[in-house]
2 protein chains.
Amino acid sequence: MEIFHEHLKRSGLKRTEQRDLILSVFLETEGHVSAEELYELVKKRDPSVGFTTIYRTLKLILEAGLAREVRFNDGRARYEHEYKHEHHDHLICIQCNCLIEFYSADIERIQEEIAAQYQFKIIDHSHRIFGLCAECQKKIQHGVLRNTYHH
Amino acid sequence: MEIFHEHLKRSGLKRTEQRDLILSVFLETEGHVSAEELYELVKKRDPSVGFTTIYRTLKLILEAGLAREVRFNDGRARYEHEYKHEHHDHLICIQCNCLIEFYSADIERIQEEIAAQYQFKIIDHSHRIFGLCAECQKKIQHGVLRNTYHH
DNA sequence: CTTAGTGCAAACCGTTTGCAAATGC
DNA sequence: GCATTTGCAAACGGTTTGCACTAAG
C-alpha cells in the first residue's frame with residue numbers, strides 16, 4: 001500500500017478512493033485475477049466504480065511493481081501478486097485450465113547463461129508449459145472426456 | 001504440401017486454389033509472419049483472396065502440424081514453420097522487437113522432469129525471455145534511446 | 001447435385017480513448 | 001483554482017461469424 005502511494009507521489013498522481021479500493025481488493029485476491037473478475041469484486045464493495053478505472057489502476061499497480069501480468073490461453077490478461085511473492089512459472093492444463101505453479105533455479109540459471117551468451121539483458125520472462133494435468137489425463141483414458149487436442 | 005492435403009482429406013475438407021496458395025506463400029516465408037503480413041504477401045499473387053480465408057487456412061495449417069503459433073508483445077499472433085524445424089524459444093527485445101532464437105536441451109530436460117513430478121503431460125510450451133538486445137543496451141548507454149522500460 | 005469454401009460486412013471481445021463532470025491537492 | 005481522475009459511451013485492433021454466392025468432389 002505504501003509502495004503504491006509512493007509510486008503515485010513520485011509520478012505526480014493523486015491518491016483516490018477508487019485507486020485505494022481497487023488495490024486493496026487486488027491484494028485480497030489469490031491467484032490470477034482478470035480485469036473483469038477484479039471489476040466484479042470491486043463492484044461488491046462500491047458499485048459505482050467503472051470498468052475503465054480498473055484497467056487504469058491495474059496499469060499503475062503494475063508500474064508500482066506490485067503485480068505481474070500473465071497471459072494464458074484465453075486472450076485476456078491476468079494479474080498476480082508480485083510483491084514478496086517469489087517468481088514462478090506455470091503448467092497450464094488445456095482441458096480444465098487449471099494451473100500448477102513451478103519454479104526451477106536450474107532453468108533460471110540456464111536462462112541467464114543463454115542471455116549472457118548473446119549479451120542480452122533479461123528484464124522479465126514467461127515460461128508456460130501447456131498440456132494435460134493428471135486429472136484430465138485420467139478422464140480421457142476413462143472416456144469421460146474426448147481427447148480433442150492436436151498432435 | 002502432401003501433409004496438408006492429407007490433413008484436408010482426413011478431415012473431409014476440400015482442396016482449393018486459395019488454400020494451396022496460402023500454404024505455399026507461408027512456406028516461402030522465413031521467421032514469424034502475422035496473419036496480416038501473410039495476407040499482404042498472398043494478395044501480391046492473387047488480390048482476390050480475402051482476409052478471412054487467411055485466418056481460416058492458417059488454422060488448418062496449424063492443425064496439420066505445419067505451423068506453430070507464437071505471440072510476442074504486440075497482441076497479434078505470429079506463425080512460424082513447424083515442419084522439420086527443430087523447436088526453439090525466443091529472446092525478445094522490448095525496444096527494437098528483434099528476436100533471438102535459442103534452444104537448450106537442458107531446459108527441455110528439466111521441464112520434462114518438472115512435468116513428470118506432477119504427472120503432467122506436456123503438449124507444447126512457450127518460453128519467452130523479454131529484455132534488451134546488445135544493440136539497444138548500447139544505444140541506451142549512449143543516450144540515443146531513452147531507457148523507458150519499467151523496474 | 002450436394003457439401004464445403006469463399007469474400008464481404010458486420011459482430012465480437014478485451015482493452016483503450018475522448019470527453020464533460022467531479023475530485024484531490 | 002488547477003490539474004488530474006472519473007464514468008460513460010464510443011472507438012479500437014485483431015480475430016471470428018453469418019450469409020448469399022461459388023466451386024470442389
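Chain letters run A, B, ... following the sequence lines, proteins first and then strands; every chain starts at 1.
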Should A:T16 be listed as having a side-chain N or O under 4.0 Å from OP1 or OP2 of D:dT4? no
I'd like to know whether CD of A:E6 has more than 12 heavy-atom contacts from other residues, nucleotides or ligands below 6.0 angstrom. no
Which of residues 17-30 of chain A have a heavy atom under 4.0 Å from DNA chain C? none
Starting from the C-alpha separation in whole Å, work towards a yes-or-no answer on ring pair (Phe, Tyr, Trp, His ring centres under 6.0 Å) for A:H127 and A:H125. CA-CA 7 Å; A:H127 189 171; A:H125 76 269; 7.2 Å; no
Whether over 12 other heavy atoms sit under 6.0 Å from A:E135 CD: no
Computed from five pairs at either end and rounded to 10 degrees, the angle between the axes of the helix from C:dC1-D:dG25 to C:dC25-D:dG1 is 30°
For B:T52, which residues count as a side-chain contact (heavy atoms from CB on, under 4.5 Å) partner, sequence neighbours excluded? B:R56
Nucleotide C:dG14, atom P - distance to CG of A:N73 in whole Å: 14 Å
Hydrogens and angles aside, do B:R15 and B:H5 bring a side-chain donor and acceptor to less than 3.5 Å of each other? yes
Distance below 4.0 Å between B:T53 side-chain N/O and C:dG7 OP1 or OP2: yes
To which residues is B:I129 joined in a hydrophobic cluster, defined by side-chain heavy-atom contacts under 4.5 Å among Ile, Leu, Val, Met, Phe, Trp and Tyr, whether direct or through other members? A:L91, A:I100, A:F102, A:I107, A:I110, A:I114, A:Y118, A:F120, A:I122, A:I129, B:L91, B:I100, B:F102, B:I107, B:I110, B:I114, B:Y118, B:F120, B:I122
For the residue pair B:Y55 and B:F51, does the interplanar ring angle fall in the parallel (under 30°), tilted (30 to 60°) or perpendicular (over 60°) class? tilted
Side chains of B:Y39 and B:V33: closer than 4.5 Å at any heavy-atom pair? no
Kindly indicate whether the side chain of B:E101, heavy atoms from C-beta on, has any atom under 4.5 Å from the side chain of B:D89. no
Which of residues 1-15 of chain B have a heavy atom under 4.0 Å from DNA chain D? B:K14, B:R15
Gap separating the CG atom of B:L132 from the CD atom of B:Q141, nearest 0.5 angstrom: 10.5 Å
Could B:R45 and B:E28 be called an ion pair, given the rule that one side-chain N must be under 4.0 Å from one carboxylate O? yes
Look at atom OH of B:Y83 and say whether more than 12 heavy atoms of other residues, nucleotides or ligands are closer to it than 6.0 Å. no
Tell me: CG of B:D46 to P of C:dG5, nearest whole Å? 18 Å
Heteroatom pairs (N/O) under 3.5 angstrom, protein to nucleotides 14-17 of chain D:
from   : atom 1 : to    : atom 2 : distance (Å)
D:dG14 : OP1    : B:R76 : NH1    : 3.4
D:dG14 : OP1    : B:R76 : NH2    : 3.0
D:dT15 : OP1    : B:A77 : N      : 2.9
D:dT15 : OP2    : B:Y55 : OH     : 2.5
D:dT15 : O5'    : B:Y55 : OH     : 3.3
D:dT16 : OP1    : B:K59 : NZ     : 3.2

Heavy-atom neighbours of B:E17 CD exceed 12 at 6.0 Å: no
